[in-house]
J.: 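Quick one: the structure is below, and I'll ask about it shortly.
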Amino acid sequence: MERGSRAPPHVAVMPSPGMGHLIPLSELAKLLVLRHGFTATFIVFSDFSDNAQTAFLDSLPSGFSYVVLPPLPLDDVPPDAHVETRLSIMVERSVPHVRDVLRSLRRTTRLAAYVIDLFCVETLPVAKELGVPHYLLFTTSFMVLSLLLHLPALDQATSCEYRDLPEPVVLPGCVPLRGEDLVHPMQDRTDDAYRCMLNIARRIREVDGILVNSFVDLEPAAYAALKEAEPEVGRPNVHAIGPVIHRGSHGGAKGKECLRWLDEQPPGSVLFVSFGSRGTLSTEQIQELAWGLEASGRQFLWVVRCPSDRVASGAFFHLQGPDDPLRYLPEGFLERTRGAGLLVPLWAPQVEVLAHAATGGFLTHCGWNSLLESFVHGVPMIAWPLYAEQRTNAVMIADGLGVALRPKTAADGSGLVRREEVAEVARELMEREAGRKAREKAGELKQAAAQAVAGRDGSSCKALAEVAQYWKDNA
Ligand code: UDP
Ligand code: UDP
């Protein structure tokens, strides 16, 4: 295509490996293509162009194309290196290839912007060098963004591990955070993962702007504080463009079965239990959770996985083998809970489940996409954070927003949530006063989320339209 003035503006999008990154970036790209007249190219890692990813990319409507990078072997990286470390090495190695792709797109399209997610920051200098506006899609909250932007200063000012800080960390406009609730890679400052994180924190200051998958009414004070700081050197503009959630179904036959089961349950009666796309529990925790759900007497729909202590470590994303997750449940559990509970191995059509009238609560690992989906559908939660920034998110939804309850872990140092506590918190959410309040709050957030993306006037629609216009005007 000639770079004529009538060519549509084009956006190059680079997600880091994994559907969890591809989905939010592709939802953003869909908005740019379908509403703002852009065309888009995805730049993806071949090492992860598995069937799911390829099928997903192939299913995108016209206006999209994708380029698969050549393989980037990691044979020389120690097999026990952290996910973050492996990821950052891979992205570093991709830089010359990304340069080639961007150069070629600049020749053949009206390239208006380059959009990445957090783990692709190492490729930013290429866009800078080629004079292409470069933006980050931040796929969690303003609170976590604020934490990341503060990290270099916090690092300078702190000599101990953050979890040993006597006082909570107070980010402007955010609920105070105890050191142990800071994001997972901040829990060990001697670790590679922490260094990667610090590098990312420094690097994100180089972007031209940050599109945040959150909305102003969800975090008004955190958003206002970041906006206020924009004139400071090294503070990129922030734009609230969410909630951008994946609405397509990906449930298959199993998915249909669980939606049919929900059809038979009374409104608001079912507790949905799910730990995201890759969350796993220990064998003992699975058992405690099972006993607790049974004892609660509540209806439940549980996406079950094999326990983490049985999954081969070293796998990039703890990919599961052919093992049957149901065999780790307590003896007789399936028979005893028949009718009251439905177990779905590995994957459920979560968005449809949350949208279903029978779903009255969500026990969640607090991944940001899960939380947004829950806000959109007005479902109150039980916060059960596992990794990444999930503990920070849990503090936000439980202490900040009051839309979730938080089970207590056992005082015996095991880190387990015991069966009695599971039963208690499930009943609390589904039948008692604390649950009623969380439900009310969830209803308010549902409205606010809908308003943010309503028509042309929703705050998030406007923000994205402004950014898109700016890109077009400057392409
Ligand atoms: N998801 C799903 N079915 C499942 C588990 C997860 O559809 O059984 C989807 C969920 O709706 C969400 C995404 O996978 O869109 C998980 O993203 P999140 O940010 O919550 O957690 P992550 O998997 O990245 O830890
Ligand atoms: N904008 C952007 N990235 C930038 C600068 C601006 O996305 O690096 C968008 C942003 O939404 C902003 C709008 O364009 O609200 C207008 O930009 P700016 O305030 O820089 O324009 P001016 O007020 O100088 O005309």
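This one's a predicted model, so the numbers in the text were calculated from it and none came from an experiment. Whatever order the structure lists ligands and atoms in, that order sets their numbers, starting from 1.
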J.: Which bit of H365 gets closer than 4.0 Å to ligand 1, counting heavy atoms only: side chain, backbone, both or neither?
T.: side chain
J.: So do the side chains of L342 and E257 get within less than 4.5 Å of each other, counting heavy atoms only?
T.: yes
J.: Which atoms of ligand 1 have any heavy atom of E373 under 4.0 Å away?
T.: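 Once the distances to E373 are compared, the set is 10 (C), 11 (O), 12 (C), 15 (O).
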J.: Has ligand 1 got any nitrogen or oxygen that is less than 3.5 angstrom from a nitrogen or oxygen of A348?
T.: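 For ligand 1, there is an N or O atom that lies under 3.5 Å from one belonging to A348.
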J.: Only heavy atoms of Y387, strictly under 4.0 Å: list the atoms of ligand 1 that pass.
T.: 25 (O)
J.: For ligand 1, which part of N369 has a heavy atom less than 4.0 Å away: the side chain, the backbone, both, or neither?
T.: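 Both parts.
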J.: For atom 23 (O) of ligand 1, state which one of S277, A388, G367, G276 supplies the nearest heavy atom.
T.: S277
J.: Under 6.0 Å from the ring centre and within 45 degrees of the ring axis: does the NZ or CZ of R189 meet both conditions for the six-membered ring of Y162?
T.: yes
J.: Using a 4.0 Å cutoff against the non-hydrogen atoms of Q390, which atoms of ligand 1 qualify?
T.: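 Those of ligand 1 that fall under 4.0 Å from Q390 are 25 (O).
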J.: Which of the atoms of ligand 1 are close to S370, meaning less than 4.0 Å from one of its heavy atoms?
T.: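 Heavy-atom distances to S370 below 4.0 Å select 18 (P), 20 (O).
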J.: Would you say the side chains of T392 and D181 form a donor-acceptor pair under 3.5 Å?
T.: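 The answer is no; no qualifying pair exists.
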J.: In terms of side-chain heavy atoms, does Y114 have a donor or acceptor partner in T123 at a distance below 3.5 Å?
T.: yes
J.: Any ion pair linking E444 and K441 (charged N to carboxylate O, less than 4.0 Å)?
T.: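 Looking at K441 and E444, the cut-off is met.
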J.: If you measure from each non-hydrogen atom of W368 to ligand 1, which part falls under 4.0 Å: side chain, backbone, both or neither?
T.: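 Looking at W368 and ligand 1, just backbone atoms fall under 4.0 Å.
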J.: Taking the basic N atoms (NZ, or NE/NH1/NH2) and the acidic carboxylate oxygens, is any pair closer than 4.0 Å for E421 and R418?
T.: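 Not counted as a salt bridge, because no side-chain N and carboxylate O are separated by less than 4.0 Å.
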J.: Looking just at side-chain N and O atoms, do E180 and Q187 make a donor-acceptor pair shorter than 3.5 Å?
T.: no
